[in-house]
Amino acid sequence: TTHPAGDGVMRFLAETIRRLLALETLLDAHHDAAKMLGLAEVRRVSPHVRHLGPGKVLGSFSAVFDSQGGCDRRGTIRGGRSLVVEAKSSASGNLTWSEFTPAELADLEVAHQLGALCLVAWERRDLCALFVVPWELIPWKVTGSGKSVTAEALAGWRVTEAPYLRRFVP
């Protein structure tokens, strides 16, 4: 059978989900190593979900997203400082401001103002590269299409050792 959206759309969605899971798995491995080394404790943050009650299938429940979630991960680095991490993945090109939801931008800004270490982990798949940069140090360039940053501008933040948190923990 075919899906009403078309096979091409379904393949695109399946590939997008596969890539996102790969980045999540990579970050999980970095965070597991950081925990084992006593550098940090980092966990995924669940989206904002409101439970509606029992589902149609026995043992299930119905739920809806009640608001956009903030950043992907939160934790604490050695010494007690809070940590906020937002992960993004691009096939190529630049990291753009428009890739961040309003809730993510607000989360990063408030956490930064309160003293948290706020990081953006950006996977650039065509380069097989992961960049992890403090939010406030991203050198955004404003163009006619909005704000963006190139991989070249973030070259100093390319991850070259695991776990990536080593460079941020005193």
Side-chain angles (χ1 to χ4, degrees), residues 16 19-51 63-125 127 129-170:
T16 299
R19 286 193 310 263
L20 290 173
L21 290 175
L23 176 57
E24 293 294 325
T25 301
L26 174 64
L27 291 175
D28 285 344
H30 275 272
H31 296 146
D32 289 346
K35 186 173 184 177
M36 287 185 343
L37 294 171
L39 298 173
E41 180 275 324
V42 186
R43 66 196 173 287
R44 291 185 193 192
V45 179
S46 299
H48 296 263
V49 176
R50 182 168 39 99
H51 296 271
V64 295
F65 292 104
D66 64 0
S67 68
Q68 280 189 329
C71 292
D72 299 322
R73 295 163 189 266
R74 289 189 170 269
T76 307
I77 62 174
R78 184 173 57 215
R81 187 175 181 191
S82 293
L83 173 69
V84 175
V85 181
E86 177 56 31
K88 298 294 178 193
S89 180
S90 304
S92 62
N94 298 341
L95 175 64
T96 63
W97 184 269
S98 62
E99 292 177 58
F100 295 85
T101 68
E104 292 165 350
L105 292 169
D107 207 8
L108 287 162
E109 187 56 34
V110 169
H112 172 67
Q113 288 178 2
L114 292 172
L117 172 60
C118 297
L119 301 173
V120 173
W122 177 40
E123 177 191 39
R124 186 58 200 272
R125 293 188 305 277
L127 301 176
L130 178 65
F131 303 88
V132 179
V133 59
W135 170 248
E136 74 278 10
L137 298 181
I138 297 176
W140 298 105
K141 297 291 182 199
V142 179
T143 64
S145 59
K147 291 182 185 180
S148 67
V149 63
T150 65
E152 293 79 18
L154 297 179
W157 297 103
R158 188 172 183 160
V159 174
T160 58
E161 68 174 340
Y164 74 81
L165 284 167
R166 284 183 196 266
R167 77 185 300 179
F168 298 104
V169 178

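Side chains are part of it too, since the values below use all heavy atoms of this structure and drop only hydrogens, waters and symmetry mates. For clarity, every value in this text was computed on a predicted model and none was experimentally measured.
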J.: Could you check whether any side-chain heavy atom of Leu83 comes within less than 4.5 Å of a side-chain heavy atom of Thr76, counting everything from C-beta outward?
T.: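 A side-chain contact under 4.5 Å is absent here.
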J.: So, for Cys118 and Ala111, which heavy atoms are closest and what is the spacing to 0.1 Å?
T.: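 For Cys118 versus Ala111, the nearest heavy atoms are SG-CB, 3.6 Å.
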J.: If we only count heavy atoms from C-beta on, is the Tyr164 to Leu27 side-chain gap below 4.5 Å?
T.: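 A side-chain contact exists here, since the closest heavy-atom pair is under 4.5 Å.
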J.: What closest approach, in Å, do Thr25 and Arg44 show between heavy atoms, and which atom pair accounts for it?
T.: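 Shortest heavy-atom contact: N-NH2, 4.3 Å.
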J.: Looking only at non-hydrogen atoms, find the nearest pair between Trp157 and Leu137 and report the distance.
T.: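 Smallest interatomic distance, heavy atoms only, reads CZ2-CD1, 3.8 Å.
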J.: Nearest 0.5 Å please: distance from the SG atom of Cys71 over to the CG atom of Leu119.
T.: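 These two atoms lie 10.0 Å from each other.
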J.: With side chains defined as the heavy atoms from C-beta onward, is the minimum distance between Leu130 and Leu23 less than 4.5 Å?
T.: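 A side-chain contact exists here, since the closest heavy-atom pair is under 4.5 Å.
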J.: For the pair Arg166 (side chain) and Glu161 (backbone), establish whether a donor and an acceptor sit closer than 3.5 Å, ignoring hydrogens and angles.
T.: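 The answer is no, because no donor-acceptor pair under 3.5 Å joins these two groups.
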J.: Hey, what do you get for CZ (Arg43) to NZ (Lys35), rounding to the nearest 0.5 Å?
T.: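 One finds 10.0 Å between CZ of Arg43 and NZ of Lys35.
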J.: Give a yes-or-no answer on whether the side chains of Ser90 and Trp122 include a donor-acceptor pair shorter than 3.5 Å.
T.: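 A pair is found: one side chain offers a donor N or O, the other an acceptor, under 3.5 Å apart.
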J.: Using every non-hydrogen atom in the two residues, find where Ala40 and Leu165 come nearest and quote the distance to one decimal.
T.: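 It is CB-CD1, 3.8 Å.
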J.: So, taking the atom named CH2 in Trp97 and the one named OG1 in Thr143, what distance separates them when rounded to the nearest 0.5 Å?
T.: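 The OG1 atom of Thr143 is 13.5 Å from CH2 of Trp97, to the nearest 0.5 Å.
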J.: Taking 4.0 angstrom as the limit, do Arg73 and Glu86 come out as a salt bridge?
T.: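 No, Arg73 and Glu86 are not salt-bridged.
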J.: Tell me, do Phe168 and Leu39 make a side-chain contact under 4.5 Å, heavy atoms counted?
T.: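 In short, these two side chains do not touch, never coming nearer than 4.5 Å.
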J.: Is the shortest heavy-atom distance from the side chain of Asp72 to the side chain of Val85 under 4.5 Å?
T.: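 When only atoms from C-beta onward are counted, Val85 and Asp72 do not touch, as no gap falls below 4.5 Å.
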J.: Please report the C-alpha distance between Arg125 and Ser89 in whole Å, then the side-chain angles of each, then the deciding distance to 0.1 Å, and finally whether the side-chain hydrogen bond (donor to acceptor under 3.5 Å, both in side chains) criterion is met.
T.: CA-CA 7 Å; Arg125 293 188 305 277; Ser89 180; 2.5 Å; yes
J.: Could you tell me which non-hydrogen atom of Glu104 sits nearest to which non-hydrogen atom of Gly70, and how far apart they are?
T.: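 Scanning both residues, the minimum pair turns out to be CG-O, 3.7 Å.
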J.: A side-chain contact here means heavy atoms from C-beta on lying under 4.5 Å apart; do Ser148 and Leu95 qualify?
T.: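 A side-chain contact is absent here, since even the closest heavy-atom pair is not under 4.5 Å.
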J.: Give a yes or no on whether the ring-centroid distance for Trp135 and Phe100 is below 6.0 angstrom.
T.: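 Ring centroids of Trp135 and Phe100 are less than 6.0 Å from each other.
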J.: Is there a side-chain contact between Leu26 and His30 (heavy atoms, below 4.5 Å)?
T.: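 A side-chain contact exists here, since the closest heavy-atom pair is under 4.5 Å.
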J.: With a sphere of 6.0 Å drawn around NZ of Lys88, does it hold more than 12 non-hydrogen atoms of other residues, nucleotides or ligands?
T.: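 Yes, the 6.0 Å shell around NZ holds more than 12 heavy atoms from other groups.
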J.: Quick one: does Leu117's side chain get under 4.5 Å of Ser82's, heavy atoms only?
T.: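 Of all side-chain heavy-atom pairs linking Ser82 with Leu117, none is under 4.5 Å.
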J.: Check this for me, if you would: do Lys147 and Glu99 make a salt bridge, where the nitrogen-to-carboxylate-oxygen distance has to be below 4.0 angstrom?
T.: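 A salt bridge is absent here (no side-chain N lies under 4.0 Å from a carboxylate O).
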